[in-house]
2 protein chains.
Amino acid sequence: MNVRQKKLIEKLHKLERLSIEEEAVIFKVAPMTIRRDIQLFEKQGIAIRTHGGAVPRISEPAQLFIQPDASAAQKKIARKALELIPDDCNLMLSAGTTTLEVARQLAASDLRICVITNSLPVAAVLFQTKIQVILTGGSLRNNSLDLIGPVTEKNLDEYYIDLLITGCDGASAEEGFFTKDLNLAEMEKKSVKKSSRTIIVTESHKFRKPAFVKFASMTEVSTVITDKKLSGEDASKITKSGIELVLV
Amino acid sequence: MNVRQKKLIEKLHKLERLSIEEEAVIFKVAPMTIRRDIQLFEKQGIAIRTHGGAVPRISEPAQLFIQPDASAAQKKIARKALELIPDDCNLMLSAGTTTLEVARQLAASDLRICVITNSLPVAAVLFQTKIQVILTGGSLRNNSLDLIGPVTEKNLDEYYIDLLITGCDGASAEEGFFTKDLNLAEMEKKSVKKSSRTIIVTESHKFRKPAFVKFASMTEVSTVITDKKLSGEDASKITKSGIELVLV
DNA sequence: TTATTAATGTTAATTTGTAACATTAATTAT
DNA sequence: ATAATTAATGTTACAAATTAACATTAATAA
């Protein structure tokens with residue numbers, strides 16, 4: 001491994017793309033030499049060759065943090081949620097795809113707040129932004145990148161929470177909000193009780209499938225943000241119980 | 001966005017590579033069509049074009065979890081550390097590049113243990129393995145992916161720890177082990193005191209630069225694993241104070 | 001139905017990649 | 001130190017992939 005190759009690898013580690021033509025000029029060697037370097041890096045699993053260059057190859061643990069992009073509806077819901085977050089507050093963001101989208105938009109916003117979360121993807125998105133991130137401790141679930149268990153709940157006692165933003169696996173205009181996991185429900189229950197205000201962010205189709213365990217009744221939440229496809233019947237039920245309903 | 005394009009994106013989301021030739025056959029279209037699809041995906045930031053195809057583009061939060069590969073010495077040290085981990089124990093793995101390498105090797109091992117850590121990369125590496133992962137809560141540091149602070153320390157009280165494996169920023173055969181960060185030192189002190197045994201894993205060059213804050217004196221640790229470049233003088237000092245020294 | 005637009009296919013020219021061999025630089029043995 | 005050997009780099013001709021321009025087909029609107 002020579003100096004040129006080390007410098008090229010350094011660039012890859014900095015997540016830079018390599019252009020064969022450019023690097024050949026920089027190092028004053030034939031393009032073929034850079035090409036051979038890049039072939040070596042690909043064999044070593046460091047790079048992926050592109051047409052005319054190479055890009056860094058991301059290692060496996062990092063790939064676990066890839067979360068699918070949010071739907072258009074989720075993006076709109078998240079944008080609306082952001083408007084309801086006061087500056088300089090303690091926000092609890094629980095795990096979920098819609099809440100992750102809230103985190104993404106928070107990362108790009110000017111809000112200076114403190115976010116408490118049990119979701120590793122949320123923490124990852126907010127890492128190295130203006131936002132202070134606090135992770136609840138606890139057991140890492142084997143199927144999703146979030147923390148649950150008695151210690152997670154105990155951790156919540158350490159903080160004052162102004163606002164909770166959470167999603168749900170299922171919902172009902174009469175009953176309230178549901179999740180599929182019993183342990184997760186316990187954690188959500190505690191969060192709802194602890195925080196001064198609760199905003200539910202969820203796509204409207206969740207209202208057509210109540211899930212396993214209830215973690216909050218409708219009257220326990222302050223605001224529900226969902227999309228316009230919500231049935232008129234459900235909408236009126238929610239508003240009648242005095243809950244703020246925002247349709248996007 | 002048509003059906004073909006949706007299916008191609010699905011593949012990318014599953015982290016699969018696309019081959020223009022293959023996909024052209026699968027969807028019974030001209031290679032040019034697939035090429036155009038892939039051009040679109042690149043514009044959207046979903047894919048990176050390679051020579052003859054495309055690979056999924058990893059999103060930014062995931063990229064934060066990329067940690068440089070361990071050195072040859074670190075790999076050897078980690079391998080030795082693994083031999084000293086009993087099956088069915090509670091292991092505390094603190095944050096650091098050498099401990100991360102221990103985690104990588106643990107992930108590939110047959111050990112069935114529970115790992116408590118304050119490092120997000122360690123948690124990521126051990127995610128979805130046989131190993132149960134517990135994260136301490138606390139504040140996410142802005143420069144490194146680990147958790148520190150009073151709540152982190154309080155979290156440690158919740159667990160019994162058989163063995164602590166940790167690295168250091170600096171070391172001295174007389175004084176003991178050091179770290180650069182005051183808050184981190186507090187956390188490390190507590191870990192050392194809590195755990196029945198402590199193994200230090202560190203490259204020998206750390207013995208030539210004592211760092212800022214001491215978190216453990218030499219007699220508080222059980223074993224030191226380092227490379228053979230350790231000076232004979234340091235080696236004899238360590239063994240004379242009754243500490244097990246393993247040179248790899 | 002026809003006009004218009006969008007999507008896909010086809011082709012030739014360009015660029016990039018490969019493989020084989022030539023040349024130079026670096027090691028090793030003598 | 002010099003020759004022999006090996007490794008690294010350069011050069012060339014050829015193969016493959018990409019691009020760009022235009023032709024064709026399918027889809028949509030007038």
Side-chain angles (χ1 to χ4, degrees), chain A residues 1-59 63 68-69 71-73 75-76 228-229, chain B residues 1-59 63 68-73 75-76 227-229:
Chain A
M1 183 100 346
N2 58 38
V3 180
R4 184 191 62 250
Q5 291 170 329
K6 274 184 188 155
K7 285 195 177 170
L8 288 174
I9 289 176
E10 243 175 72
K11 285 193 185 187
L12 288 171
H13 276 153
K14 277 191 260 170
L15 304 178
E16 287 174 36
R17 304 179 69 137
L18 303 182
S19 149
I20 288 173
E21 282 299 329
E22 282 176 30
E23 300 303 333
V25 172
I26 290 169
F27 291 101
K28 294 187 181 72
V29 292
M32 190 67 222
T33 303
I34 302 294
R35 202 163 270 133
R36 280 194 265 245
D37 288 343
I38 286 176
Q39 282 173 345
L40 180 74
F41 301 157
E42 182 161 69
K43 228 181 252 168
Q44 294 175 336
I46 303 170
I48 292 169
R49 288 194 298 161
T50 63
H51 191 73
V55 292
R57 198 184 114 101
I58 309 305
S59 62
Q63 298 197 344
D69 211 29
S71 69
K75 283 182 185 169
K76 275 190 214 163
K228 286 189 179 119
K229 286 181 187 156
Chain B
M1 184 98 346
N2 57 39
V3 179
R4 185 191 61 249
Q5 291 170 330
K6 274 184 188 155
K7 285 196 177 168
L8 288 173
I9 289 176
E10 242 176 72
K11 284 193 186 188
L12 289 169
H13 276 152
K14 278 191 261 171
L15 303 177
E16 287 174 36
R17 302 180 70 138
L18 303 182
S19 150
I20 288 173
E21 283 299 329
E22 281 176 31
E23 300 303 333
V25 172
I26 290 169
F27 291 101
K28 295 189 181 71
V29 292
M32 191 67 222
T33 303
I34 302 294
R35 202 163 269 134
R36 280 193 265 245
D37 288 342
I38 286 175
Q39 282 173 346
L40 180 74
F41 301 157
E42 183 161 70
K43 227 180 253 168
Q44 295 175 335
I46 303 170
I48 291 169
R49 288 193 300 160
T50 63
H51 192 73
V55 292
R57 199 183 113 101
I58 309 305
S59 62
Q63 298 197 344
D69 213 28
S71 70
K75 283 181 185 171
K76 275 189 215 164
D227 57 83
K228 286 192 178 115
K229 286 181 186 156

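Values in this document were obtained by computation on a predicted structure and should not be read as measured data. Computation of the quantities below employed the complete heavy-atom set of this structure, encompassing side-chain atoms and omitting hydrogens, waters and symmetry-equivalent molecules. Chain A is the first sequence line, chain B the second, and so forth, proteins listed ahead of strands; every chain is numbered from 1.
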- Message: Measuring only between side-chain heavy atoms, which start at C-beta, is A/Ile48 closer than 4.5 Å to B/Arg17?
- Response: yes
- Task: Provide, to the nearest angstrom, the distance between the CD1 atom belonging to A/Ile34 and the P atom belonging to D/dA8.
- Result: 15 Å
- Item | Evaluation steps, side-chain contact (heavy atoms from CB on, under 4.5 Å), between B/Lys76 and B/Asp227 | CA-CA 8 Å; B/Lys76 275 189 215 164; B/Asp227 57 83; over 6 Å; no
- Can you tell me how far C1' of C/dG9 sits from NZ of B/Lys28, to the nearest Å? 17 Å
- Task: Rounded to the nearest angstrom, tell me the gap between atom CG in A/Leu40 and atom P in D/dT9.
- Result: 11 Å
- Message: Check this one for me: any side-chain N or O of A/Thr33 less than 4.0 Å away from OP1 or OP2 of D/dG10?
- Response: yes
- Query: A/Val55 and A/Leu12: which non-hydrogen atoms are nearest, and at how many Å?
  - Reply: C-CD2, 3.9 Å
- Message: With heavy-atom distances below 4.5 Å as the criterion, would you say the side chains of A/Glu22 and A/Val25 are in contact?
- Response: no
- Query: Between atom NZ in A/Lys6 and atom P in D/dA8, what is the gap in whole Å?
  - Reply: 13 Å
- Item | Validation row: A/Phe27, A/Leu8 side chains within 4.5 angstrom (heavy atoms) | yes
Give me the distances for all protein-to-nucleotides 13-15 of chain D N/O pairs that come in under 3.5 Å?
none

- Message: From CD of B/Glu23 over to C1' of C/dT8, roughly how many Å is that when rounded to an integer?
- Response: 17 Å
- Query: What's the shortest heavy-atom distance between B/Glu21 and B/Pro31, and which atoms?
  - Reply: OE2-CG, 4.3 Å
- Do you know which of B/Lys7, B/Lys28, B/Lys11 makes salt bridge (charged side-chain N to carboxylate O under 4.0 Å, His left out) with B/Glu23? B/Lys11
- Per-nt protein contacts along nucleotides 16-21 of chain D (heavy atom under 4.0 Å; B base, S backbone sugar-phosphate only, - none) come out as -SBBB-
- Task: Verify the contact: side-chain N or O of A/Asn2 to OP1 or OP2 of D/dT9, cut-off strictly under 4.0 Å; return yes or no.
- Result: yes
Under 3.5 Å, sequence neighbours excluded: what are the donor-acceptor pairs made by side chains of residues 34-43 of chain B?
| residue | atom | partner | partner atom | Å |
| --- | --- | --- | --- | --- |
| B/Asp37 | OD1 | B/Arg4 | NH2 | 3.1 |
| B/Asp37 | OD1 | B/Gln5 | NE2 | 2.7 |
| B/Asp37 | OD2 | B/Arg4 | NE | 2.6 |
| B/Asp37 | OD2 | B/Arg4 | NH2 | 3.1 |
| B/Glu42 | OE1 | B/Arg49 | NE | 3.0 |
| B/Glu42 | OE2 | B/Arg49 | N | 3.2 |

